[in-house]
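So you know, we letter chains A, B, ... as the sequences are listed, proteins then strands, and number each from 1.
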Amino acid sequence: MDTVILYAIALAGLLISFLKDRGKTLKAVKKGLKAFEGILPQFLVVLILVAMTLSLLDTATIARYLGKGSGPLGVIIAALVGAITLIPGFVAFPAAAALLEGGAGATQIAAFVSSLMMVGVVTLPLEMKYFGRRASLLRNGLAFVFSFVAAVFVGWVVGL
Amino acid sequence: MKTFLRRYAAAIVAASVFIVFLLALPSYSARAIAMMANQTRTMLLVIPPIFLLLGLLDVWVPREKMMRYMGPDAGIRGGILAFLLGSFAAGPLYGAFPVAAVLMKKGAGFGNILIFIGAWSTTKIPMLLFEISALGPRFALSRLAIDIVGIVVIAMALKKAIPEKEVAALYAQAEKAD
């Protein structure tokens, strides 16, 4: 769904650009390609890291640790799993909904969703290429801590 | 050739580890390969429009405009614009980094870049309806509210924590990537 929007915007932009100035459009496409080739090595590393972690951690394994009464430990596990996995939202939300129905707590699921979206351990090589080691590690560290704050808040609101 | 090898050294090492992984853990290899195919498909799907957009952004948006609207002196308006840009973007977080580099090159302020990254990572407007239907309005909207606070706090903390010299080096690197 969001990919469709993304394509629509990109193609509309391309069309407008092409109608306005062909030379500039060609330059834009070339720049895009060059930017992609520039980051391709890091992309490949990330792909491989993701494939390995996700093959070791499946939904059934995750569900077992986030079940009813898993408490603070469940929240920590949820945040850790979220931090190291890379799952697109349209897969993660239904999975999270299934976990909720399966008895996982809202706080655990909120910790999982928050750190899943904000923290990216496997994408660190990519992030460091653009933001350097210190900023990348710090951003992920702060986002990880924040996912607990978000989890407690969301858990509280859902329980009201 | 030599620079090619150096650039791809980490990828080659990772590929070797992956092959060892497949051979050493045969019970996981089918899943690992399926995951690999799945992730590759996502990347191939998401990458072309993102890089097309950043090329267009690079060519069409003049530096003065970017400085005026998202520069270090653009004030709260710059932060709001960065937040909206990130929130309406689609695609996984790794798509945000190259776009952020182009924004840096064009002179957007570092604080605004950090807000953009934060918004792209978590307050996804295209995903919000989806989240509401999957997890309920209470869950989705309270997460959105706390995330907005978190994005700003994290951006401010990072801006304070990263020395200016290092920020300048990051900008120089983004500039060079042309």
Of the backbone (N, CA, C, O) and the side chain (C-beta and beyond), which part of [X] lies under 4.5 Å from a heavy atom of chain A, both, or neither?
X: B:Y171; answer: neither
X: B:A15; answer: both
X: B:I113; answer: side chain
X: B:L93; answer: side chain
X: B:D147; answer: both
X: B:I47; answer: side chain

May I ask you to test the [X]-[Y] pair for a side-chain heavy-atom distance under 4.5 Å?
X: B:L52; Y: A:V29; result: yes
X: A:S55; Y: B:M36; result: no
X: B:F21; Y: A:L56; result: yes
X: A:F36; Y: B:I50; result: no
X: A:M52; Y: B:Y28; result: no

When heavy-atom pairs shorter than 4.5 Å are enumerated against chain A, which of [options] gives the highest number?
options: B:A169, B:P163, B:A30; value: B:P163
options: B:A37, B:A9, B:P98; value: B:P98
options: B:I33, B:I151, B:I117, B:V13; value: B:I117
options: B:T40, B:I12, B:L54; value: B:T40

Least distance between heavy atoms, [X] atom then [Y] atom:
X: B:A157; Y: A:L142; answer: CB-CD1, 4.0 Å
X: B:S121; Y: A:M118; answer: OG-CG, 3.7 Å
X: B:L56; Y: A:A10; answer: CD1-O, 4.2 Å
X: A:E37; Y: B:R7; answer: O-NH2, 2.9 Å
X: A:I48; Y: B:A14; answer: CG2-O, 3.5 Å

Any link between [X] and [Y] through a network of hydrophobic side chains (Ile, Leu, Val, Met, Phe, Trp, Tyr) touching at under 4.5 Å?
X: B:F4; Y: A:L40; result: yes
X: A:L80; Y: A:L124; result: no
X: B:W60; Y: B:V99; result: no
X: A:F144; Y: B:V152; result: no
X: B:F116; Y: A:M128; result: no

Would you give the length of the straight line joining atom [atom1] of [X] to atom [atom2] of [Y], rounded to the nearest 0.5 angstrom?
X: B:F18; Y: A:L44; atom1: CZ; atom2: CG; value: 12.0 Å
X: B:Y94; Y: A:Q42; atom1: OH; atom2: CD; value: 14.5 Å
X: A:R139; Y: B:I162; atom1: CZ; atom2: CD1; value: 11.5 Å

Which portion of [X] sits near chain B, non-hydrogen atoms under 4.5 angstrom:
X: A:F146; value: side chain
X: A:A151; value: neither
X: A:I109; value: both

Taking every non-hydrogen pair under 4.5 Å, which of [options] racks up the most with chain B?
options: A:L126, A:T25, A:L11, A:L14; answer: A:L14
options: A:V149, A:T123, A:L138; answer: A:L138
options: A:V46, A:V119, A:V113; answer: A:V113

### Query
Taking atom NZ of A:K24 as the centre, does the number of heavy atoms from other residues, nucleotides or ligands within less than 6.0 Å exceed 12?
yes
### Task
Look at the aromatic rings of A:F131 and B:F97 and report parallel, tilted or perpendicular, splitting at 30° and 60°.
perpendicular
### Query
Can any side-chain N or O of A:Y130 pair as donor or acceptor with the backbone N or O of B:L170 at less than 3.5 Å?
no
### Message
Quick test of your reading of the model: are B:E166 and A:R133 salt-bridged, counting only N-O distances below 4.0 Å?
### Response
no
Mind listing the side-chain donor-acceptor pairs of residues 134-142 of chain B below 3.5 Å, one per line with the distance, residues two or more places apart or on another chain?
residue : atom : partner : partner atom : Å
B:R138  : NH1  : A:V157  : O            : 2.9
B:R138  : NH1  : A:L160  : O            : 3.1
B:S142  : OG   : B:R138  : O            : 2.7
B:S142  : OG   : B:F139  : O            : 3.2

Using a 3.5 Å cut-off and no angle test, enumerate the donor-acceptor pairs between side-chain atoms of residues 61-78 of chain B and protein atoms at least two apart in sequence or in another chain.
residue : atom : partner : partner atom : Å
B:R63   : NH1  : B:K105  : O            : 2.7

